[in-house]
Asks: 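Once you've had a glance at the structure underneath, I'll fire off some questions.
Lettering of chains follows the sequences in order, A, B, ..., and the numbering in each one begins at 1.
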Protein chains: 2
Amino acid sequence: MTDTEQAPRGRATAEMVAARAQVSRVAVSRAFNPHTSLKPEKRELILKIAQELNYTPDRAARALVSGRSHLVGVIVPDVCSHWESQEIDALTTALQAEGFATLLFKTRTDYSMDEQLLAYMRGFNPDSVIAFVENVKPHTLARFLDRAVPIYIHYPQAELADDAGDEPLHDRLNVLQRDGVEQAVALLQGFGAKRIAYLSGAEKSRANGARERMLRQVMAERGLAPPVVARGDFSYDAAYQATIDLFRVGEGADAIFAANDVGAFGVIDALRHELKLRVPEDVKVIGFDDIAQSHWKSYNLTTVKFDLDERVRALVRLILRRLNNPDAPGFQETLNTRLVVRGTVG
Amino acid sequence: MTDTEQAPRGRATAEMVAARAQVSRVAVSRAFNPHTSLKPEKRELILKIAQELNYTPDRAARALVSGRSHLVGVIVPDVCSHWESQEIDALTTALQAEGFATLLFKTRTDYSMDEQLLAYMRGFNPDSVIAFVENVKPHTLARFLDRAVPIYIHYPQAELADDAGDEPLHDRLNVLQRDGVEQAVALLQGFGAKRIAYLSGAEKSRANGARERMLRQVMAERGLAPPVVARGDFSYDAAYQATIDLFRVGEGADAIFAANDVGAFGVIDALRHELKLRVPEDVKVIGFDDIAQSHWKSYNLTTVKFDLDERVRALVRLILRRLNNPDAPGFQETLNTRLVVRGTVG
DNA sequence: TCACAGAATGAACACGTTTTCATTTCTCGT
DNA sequence: ACGAGAAATGAAAACGTGTTCATTCTGTGA
C-alpha cells in the first residue's frame with residue numbers, strides 16, 4: 001500500500017500499472033496482447049487500472065522489441081490531387097481499423113522516385129510501404145525496406161515485358177484496364193467519333209504509360225487510326241493548356257480521352273470557356289478514375305471507373321496477409337475497371 | 001580484421017558500423033548527432049561506412065531514449081476535402097524538410113472529437129498534434145498528450161468568451177477573419193445586394209461558427225439585415241441541396257456567402273443547373289478559403305483568401321519553437337484574410 | 001618542462017516494452 | 001488422492017539507441 005506516487009510525471013508506464021494492480025510488469029504487457037494466457041479477471045483489473053492511469057503501451061518500445069512499428073508509409077507526389085487524396089483517406093480509415101497508422105511522405109511531383117526520400121522514410125521503420133510513384137520497381141523499393149515486402153502496382157495487359165523475371169519477392173496489385181477502355185472506345189465509336197485524342201498524364205507515371213498503350217491497342221483492334229497525343233501531367237492547368245494547343249496549333253479532335261478526371265476537367269473548361277466549343281455536342285470527353293468531383297454538375301463526366309474502395313480493400317488485404325506470412329511467396333490481387341456513363345459523351 | 005559478417009540480415013545496426021570503422025558504438029551515435037564532439041575525420045569515415053552498409057539510426061530506439069518521435073499527428077475529418085488536403089500537402093512538405101513525418105488520423109466527418117481516436121493516436125507518441133477538428137479545446141487535447149503542447153486555432157474576434165481563462169499551456173494560431181469578410185460584404189453591398197444568405201459549414205466546426213458570427217457582425221455594422229442561414233456541412237452535395245431548398249422552400253437570396261469554397265461550388269451548380277439562375281447576374285456568390293480549384297473556369301470563384309502557405313509556415317514555426325522551448329509560455333502566430341475578386345460577383 | 005583547459009573517447013546505464021524459459025498453480029480423469 | 005497435462009506466472013534477456021560520467025588525449029601559455 002505504498003501509494004506515494006500520486007502525480008505521475010509525464011506518461012504512465014507498465015511498471016506503475018503493475019504496482020497498483022499488485023501484479024508483475026509482464027502481466028500488464030500480457031493484458032494488452034490478445035493471444036497470451038492471463039487469468040481473465042486479472043486482465044480485466046489491469047485494463048481498468050490502465051484506463052484510470054491513462055496508460056497505453058509505448059509504441060516506440062513495442063516497435064523496438066517486436067520489430068513491428070505499425071506504421072504504413074505512403075509516398076505521394078501530390079496530396080491535393082483528388083484521386084490520391086481520396087485513396088489516402090480510404091486507406092487511412094482502413095488501416096486505422098486494423099491498428100496501423102498512415103505515415104505520409106511527399107516526393108517530387110513529376111512522379112519520379114527520390115532515393116533520398118526512400119532512405120529518409122526507411123528510418124521510420126514502416127511495416128509496409130505504398131508508393132503512388134508507380135515508376136519505381138520492386139527492386140529499388142526493396143533495397144530501402146528492411147523486412148517489409150513492397151507492393152507493386154502492375155498493369156498486366158499492354159505492359160512492356162521488361163519487369164518480368166528476376167524481381168525480388170513482392171506482392172502485386174494487378175489493374176485490368178481493358179474492359180473500361182474498350183467500353184469507352186466503343187461508346188465514342190458508337191457516337192461516330194473519328195479523331196480521338198489522348199490527353200496524357202505525367203510522362204514518368206506507369207499508370208499513364210499503361211493507359212496510353214491500352215488505348216492504342218484497343219483503337220487498333222477496332223480499326224481506328226492511332227490517337228493524337230496531347231501531353232499533360234495529370235493536372236488541370238496542364239490539361240487546359242494542352243487542349244488549347246491541340247486545337248489552335250494542332251489538328252483538333254472530336255473526342256478526347258483524358259488520363260485522369262482532373263485532366264478531363266481542364267479539357268472541358270478549355271473547350272467551353274476558351275475555345276467556345278460545346279461538350280458533348282462538338283467534342284466528347286471521357287476521363288479516368290471516377291473521383292467524387294466527376295458527378296459535379298458543371299462537369300458531369302463520363303469516365304472509366306477505377307473503384308477506390310475496392311482498391312483500398314485489396315491493398316489492405318495485401319498488407320495484412322504479408323504481415324501474417326512474412327516468408328510466403330508473392331500474393332496477388334486483381335482489379336477491374338468499367339465505364340460510368342454521364343453527360344460528356346452523348 | 002574479423003569481417004565474418006558478410007550478409008547483414010535485416011537491418012544494419014550501429015554496432016556493425018562501429019565494428020567496421022574500428023570505433024566504439026558511441027562514436028557512431030555521435031556521428032549522426034550534429035552537436036557532439038567527434039574528430040571530423042572520424043565522423044566522415046563513420047558516415048561513409050554507414051552509407052555503404054545502408055545504415056540509418058533506428059528511430060524507434062532513438063525515440064525510446066530521447067523521448068522524441070519526430071512524428072507530428074494530424075487529425076482530419078476528411079482528407080479529400082480540398083482545403084484539408086492542400087494543408088496536409090504543404091504541412092508534410094514543410095515538416096519533412098525539418099526531419100519530421102506526418103502521421104495521419106481520420107476522425108468522424110461531423111467535425112466532432114473522438115476521445116477514442118485521441119487515445120489511439122497518443123500511443124504513437126507524436127511530438128506535436130494538429131487537429132483540424134477545431135471544436136476540441138486545449139484542455140481536452142492536452143489530456144491526451146504527454147509532453148506535447150497543443151496548438152489551438154483561435155478566432156479572436158466574434159468569439160464566445162467561454163474559452164478564456166484557465167486553459168492549460170497551449171500555443172495559438174490566431175485567425176483574423178474581419179478584413180476578408182468586410183471586403184466581401186462591401187463588394188456585395190456595392191453591387192446592390194439586398195438579401196445575403198449564409199451557407200454554413202458543419203455545425204460543430206469552430207471555423208464555421210466564427211465565420212457566421214463575423215458575417216452577422218459585419219452586416220449589422222453596415223446596416224444590413226441579418227443573413228438568412230442555409231445549413232450545409234462543408235460538402236458540395238449538402239450545399240447543392242441547401243441552395244435548392246433556399247429557393248424552392250425558402251425566400252431565396254440575391255447573394256450567397258458560403259462557409260468554404262467547395263460549398264460555394266455546390267451553390268453555383270445548384271443555381272445554374274437546377275434553378276436556372278445566372279451567376280453572377282441573378283445571384284452573386286462568395287466563398288471562403290481560395291483553394292486551388294477556385295480559379296477553375298467553370299467556377300472562377302470570388303472568395304476570401306486564407307493563405308495556405310502562410311498558415312502552414314506559422315504552424316511549423318509554432319511546432320519547432322515549442323520543441324526547442326518545452327517549458328516556455330504559450331506562443332502565438334496571427335494570420336489575416338483578404339478578398340480575392342474573380343467572376344462570381346459582378 | 002609543467003600545468004591546465006578543453007576536446008575526444010568509451011564503459012555503463014537508461015528507455016519501456018516483448019519474448020523466452022523455467023517454475024508454479026490449476027484442472028480433470030482415474 | 002494422485003498424476004499428468006495445461007494454464008498461469010514472473011525473472012531475466014533482449015531490442016538499438018542517446019546520455020552521463022569519468023578518463024585519456026591534445027594543444028597552449030608560462
Asks: Indicate, with a heavy-atom threshold strictly under 4.0 Å, whether Y55(A) touches base, sugar-phosphate, or nothing.
Replies: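 Sugar-phosphate contact only.
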Asks: Can you identify which nucleotide, out of dG10(D), dT19(C), dT17(D), has its nearest atom closest to the N33(A) side chain?
Replies: dT19(C)
Asks: Charged N to carboxylate O below 4.0 Å: is that the case for R311(A) and E87(A)?
Replies: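 Answer for the salt bridge query: yes.
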Asks: Let's see if you can work this out: which of dT19(C), dT9(D), dT19(D) has an atom nearest to the side-chain heavy atoms of S29(B)?
Replies: dT19(D)
Asks: Rounded to whole angstroms, how far apart are CD on E15(A) and C1' on dC15(C)?
Replies: 12 Å
Asks: Of the options dG16(D), dT17(C), dG18(D), whose atoms approach the side-chain atoms of S66(B) most closely?
Replies: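 From the listed options, dG18(D) comes nearest.
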Asks: In whole angstrom, what separates R25(A)'s CZ from dA8(D)'s P?
Replies: 20 Å
Asks: Heavy atoms from C-beta onward define the side chain here; which of dC13(C), dT17(C), dT9(C) lies closest to that of K39(B)?
Replies: dT9(C)
Asks: L64(A) has a side chain; which of dG10(D), dC15(C), dG16(C) sits nearest to it?
Replies: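 Looking only at side-chain atoms, L64(A) lies closest to dG16(C).
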Asks: Is the ring centre of F100(B) less than 6.0 Å from the ring centre of F124(A)?
Replies: no
Asks: Looking only at side-chain atoms of V65(B), point me to the closest of dT20(C), dC15(C), dG10(C).
Replies: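 Of the candidates, dC15(C) comes closest.
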Asks: Taking the side chain of L38(A) as heavy atoms from C-beta outward, which of dA11(C), dT9(C), dT9(D) is closest to it?
Replies: dT9(D)
